[in-house]
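Notes to accompany the following structure.
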2 protein chains.
Amino acid sequence: MKSTVNAKDVAKLAGVSQSSVSRVFFDGAKVTEKTRQKVLAAAEELGYRPNEYARSLITNSSKIIGLVMKGVQNPFYPQVLKQFTTSFKKHGYSVLFVHTNNDEIQSEDIETLLNYNVAGVIITDASMSMNVAEAFQVNHIPLVFFNRKLTSSHFHSVCCNNLNASREIAEYLAESGTGPMVYISGNEDTSTSREREQGFAEVLAQRGIAYKKYSSDFSYNGGYETAQKILSDGAVPSAVFAANDIMALGVMDAFRKQGIKIPEQVKVIGFDNIEMASWPAYELTTWEQPIEKMVDETVNYLLGEISEYTGQAQAVEVEGSFVERKTT
Amino acid sequence: MKSTVNAKDVAKLAGVSQSSVSRVFFDGAKVTEKTRQKVLAAAEELGYRPNEYARSLITNSSKIIGLVMKGVQNPFYPQVLKQFTTSFKKHGYSVLFVHTNNDEIQSEDIETLLNYNVAGVIITDASMSMNVAEAFQVNHIPLVFFNRKLTSSHFHSVCCNNLNASREIAEYLAESGTGPMVYISGNEDTSTSREREQGFAEVLAQRGIAYKKYSSDFSYNGGYETAQKILSDGAVPSAVFAANDIMALGVMDAFRKQGIKIPEQVKVIGFDNIEMASWPAYELTTWEQPIEKMVDETVNYLLGEISEYTGQAQAVEVEGSFVERKTT
DNA sequence: TTCTATTTTGAATACGTATGCAAGAAAAAG
DNA sequence: CTTTTTCTTGCATACGTATTCAAAATAGAA
């Protein structure tokens, strides 16, 4: 016995046609103020609410944004999720949350998004094969890679300016020491990981400073274990730049466990500026990703493409900022 | 130009009726193996996918679960979110994520859930006024409070057995010391906070041990500031029991900043067993909430009520377990 | 007031699917 | 082979809304 009060019921009570009821609840349709009042009164009395499914069926569009996410362990992403949902809510859109375990999005998940004919898709963290991404293009569903880029850049992406960021980080480190350094990458196939290394490497090469690269996985444990490996490999580096904060925290804990002083013996820098980076236990120097700006950029692009599909794609880069704390 | 291949197209290609196509894709309908193959082949060729909105419209039901969440800052909840989405995915349901800022859920958010005629609703963290909750009952939409209880228990809830847990914690602490202790509550109006205090207080009273209660807000900063207040109030307590882990971490950092040794001078215990509790920087003794069991319990209840609505509500309690680390 | 231009309304239809019903096909029984 | 029973299929309809088109109402001009 679901409450099944529909537009026709309201129409009858208000003494108008179903069409008029529809027009009252559809933004951008013309109705006299008088009928609007009558309809709203009747709707209120009956507790009427337009059926979203009937709407989507007839308009062949939806008010749902698909948000695909992998790394909920990394506090950066819940933050992103929160921003997106609140921002989209303001614009009348709801968020269908899709969690994927694998790096590459499952076709099963894509099916879901297509079944619901989502108005737009955001992919954070995870990656996606070309032909799958094309399925969205074919259906004119706008798609944004958030904090990731696909190698072939036929797709829209919104990232922090990783190159600039890692250059600045390298220059900052180079000023206070020239000993060999370490870069800890996340999963190697991610654009963020590559770009952050690239800028870092560039500057260090210019300055004639050596660095060694360790491969990890963007997780706390990954950082922790990598730090252990660094130590067992030989001398303590002058600085460690981890591709994200949560790895940096792992690195710090591992170093400290061995009695190594930060920043006296080794400087540590992360990336993201997650909340925990500011905790007294860590006070991590890092690079702040401007989540709000990135989210705004993404939302605006999606809303634009939703209202009029152009298919134009661009790699948007937002500037972040250096946050100096006590690990450097 | 959305790909608008529908059941009729498939039917034509397969040489059957639209009804047969529908039957093939509708679980529980009878079709000959021969026609099933014909239909599947045609569907594959055309890239057919049933329109979820048309389905929901005709069946007056949906495959969407509404998940309402407030505290994405607390790592416990992203974990919960992940478990729910993966579990529901297995059962063919998708998750509509709703983020609410206020403690009490906005009627605006409820509207969203009702508009999408969600199959079920899960409310974590946040609270909800009675008459709003009743809106779901009226519409026969099953509702679960996860890790929360409403005072009037006409509603289903799934929690960890907070009373037993806090009793055990109190007994554990009582065995190794009888000095005055501290309980740090989260937001006072939450059932979790109250229950955890209740069990704790009960046992300490039996043993004749005093404790003082501080009121906080389930956040890291809240824990940090409360610890500062504790210190400025006088002597260091023999133990601090924080109503969740993230506050406990804040407490630890604040104590350490003042040079207070944990556990030598003061023991600290949290609740939840979030990932960070096991990090070497903290090694927090805590109580593990069995997320998986709690999620399973919730999912099973919801699926049951979805297939056949009974409206029966119950306060389900799942047993957790003590996790001893190095802060006690 | 009368005629024209404009705006608002209602009737009818379409969206893509599930399902009751009757007819047809197949299987089982005789 | 005929009759009865069971299964499968197709036809037609309904779900609740947006939208086209013509009719009606209103506003504006003369």
Side-chain angles (χ1 to χ4, degrees), chain A residues 1-40 42-43 46-64 92 111 114-117 119 139, chain B residues 1-40 42-43 46-64 92 111 114-119 139 307:
Chain A
M1 291 292 158
K2 305 250 177 185
S3 112
T4 178
V5 38
N6 58 16
K8 204 178 281 181
D9 299 334
V10 176
K12 193 186 293 179
L13 180 58
V16 299
S17 73
Q18 179 265 324
S19 322
S20 292
V21 175
S22 172
R23 286 192 253 263
V24 168
F25 285 91
F26 185 76
D27 282 351
K30 306 279 185 190
V31 210
T32 309
E33 189 56 27
K34 203 167 72 178
T35 55
R36 154 169 276 115
Q37 292 308 332
K38 281 195 292 186
V39 167
L40 287 179
L46 298 180
Y48 169 73
R49 219 172 304 104
N51 183 316
E52 208 63 42
Y53 297 111
R55 287 188 146 179
S56 292
L57 179 57
I58 192 75
T59 61
N60 190 25
S61 67
S62 79
K63 290 290 208 175
I64 297 184
E111 295 271 319
L114 291 175
N115 284 351
Y116 282 105
N117 194 10
N139 290 354
Chain B
M1 289 298 152
K2 305 249 176 184
S3 111
T4 179
V5 38
N6 57 19
K8 205 179 282 180
D9 300 334
V10 176
K12 195 185 293 177
L13 179 59
V16 299
S17 73
Q18 179 265 323
S19 323
S20 291
V21 175
S22 171
R23 289 189 177 102
V24 168
F25 285 91
F26 185 77
D27 282 351
K30 307 277 187 191
V31 210
T32 309
E33 189 56 28
K34 203 167 70 177
T35 56
R36 154 169 277 116
Q37 292 307 331
K38 283 195 292 186
V39 167
L40 287 179
L46 298 179
Y48 169 74
R49 216 170 307 102
N51 182 317
E52 206 63 42
Y53 297 110
R55 286 189 146 179
S56 292
L57 180 57
I58 191 74
T59 60
N60 191 26
S61 68
S62 77
K63 290 291 208 176
I64 296 184
E111 294 271 320
L114 291 175
N115 285 350
Y116 281 105
N117 195 8
V118 290
N139 291 353
S307 76

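Scope of the values below: all heavy atoms of this structure, side chains included, with no hydrogens, waters or symmetry mates. Within every chain, numbering begins at 1; the chains are lettered A, B, ... in the order of the sequence lines, protein sequences first and strands thereafter.
- Residue-level contact check: B:Thr35 touches the backbone only, with heavy atoms under 4.0 Å from sugar-phosphate atoms and none from bases.
- The separation between B:Asn6 atom CG and C:dT17 atom C1' is 9 Å, rounded to whole Å.
- Proximity of A:Val39 to A:Val10: side-chain heavy atoms (C-beta onward) are separated by under 4.5 Å at one or more points.
- Residue A:Ile58 contributes atom CD1, which lies 11 Å from atom C1' of D:dT20 at whole-angstrom precision.
- Between A:Lys30 atom NZ and D:dA25 atom C1' there is a gap of 17 Å when expressed in whole angstrom units.
- Each of B:Ser22 and A:Val16 has a nearest nucleotide on DNA chain C; the 5'-most of these lies closest to A:Val16.
- Judged by distance alone with a 3.5 Å cut-off, no donor-acceptor contact links the side chain of A:Arg55 to the base of C:dG16.
- The closest side-chain heavy-atom distance from B:Asn60 to B:Asn117 is below 4.5 Å.
- Two residues are said to be in side-chain contact when any heavy atoms from C-beta on lie closer than 4.5 Å; B:Val21 and B:Tyr48 meet this criterion.
- One atom, NZ of B:Lys34, and another, P of D:dC7, lie 18 Å apart when rounded to the nearest Å.
- Residue-to-nucleotide proximity on DNA chain D shows that, of A:Thr59 and B:Arg36, the 5′-proximal contact is made by B:Arg36.
- Residue side chain A:Ser19 does not reach the base of D:dA18 through any donor-acceptor N/O pair under 3.5 Å, judged by distance alone.
- Between B:Leu57 and B:Ser20, the residue whose closest nucleotide on DNA chain C is further toward the 5' end is B:Leu57.
- Classified by interplanar angle (parallel below 30°, tilted 30° to 60°, perpendicular above 60°), the ring pair B:Tyr116/A:Tyr53 is perpendicular.
- Rounded to whole angstrom, the span from the NZ atom of A:Lys8 across to the P atom of D:dT17 amounts to 10 Å.
- Between B:Asn117 atom CG and D:dT17 atom P there is a gap of 12 Å when expressed in whole angstrom units.
- Looking only at side-chain heavy atoms (C-beta outward), B:Arg55 and B:Phe25 come within less than 4.5 Å of each other.
- At C:dT9, one or more side-chain N or O atoms of A:Thr32 fall inside 4.0 Å of OP1 or OP2 (strictly under the cut-off).
- Atom CG in B:Asn60 sits roughly 18 Å away from atom P in C:dT17 (whole-Å rounding).
- Taking only distance into account, the side chain of B:Arg49 never meets the base of C:dG16 through a donor-acceptor pair shorter than 3.5 Å.
- The phosphate of C:dG16 has neither OP1 nor OP2 within less than 4.0 Å of any side-chain N or O from B:Asn51.
- Separating the NZ atom of A:Lys12 from the C1' atom of C:dT9 is a distance of 19 Å, rounded to the nearest angstrom.
- Side-chain N/O atoms of A:Tyr53 include none lying less than 4.0 angstrom from OP1 or OP2 on C:dA18.
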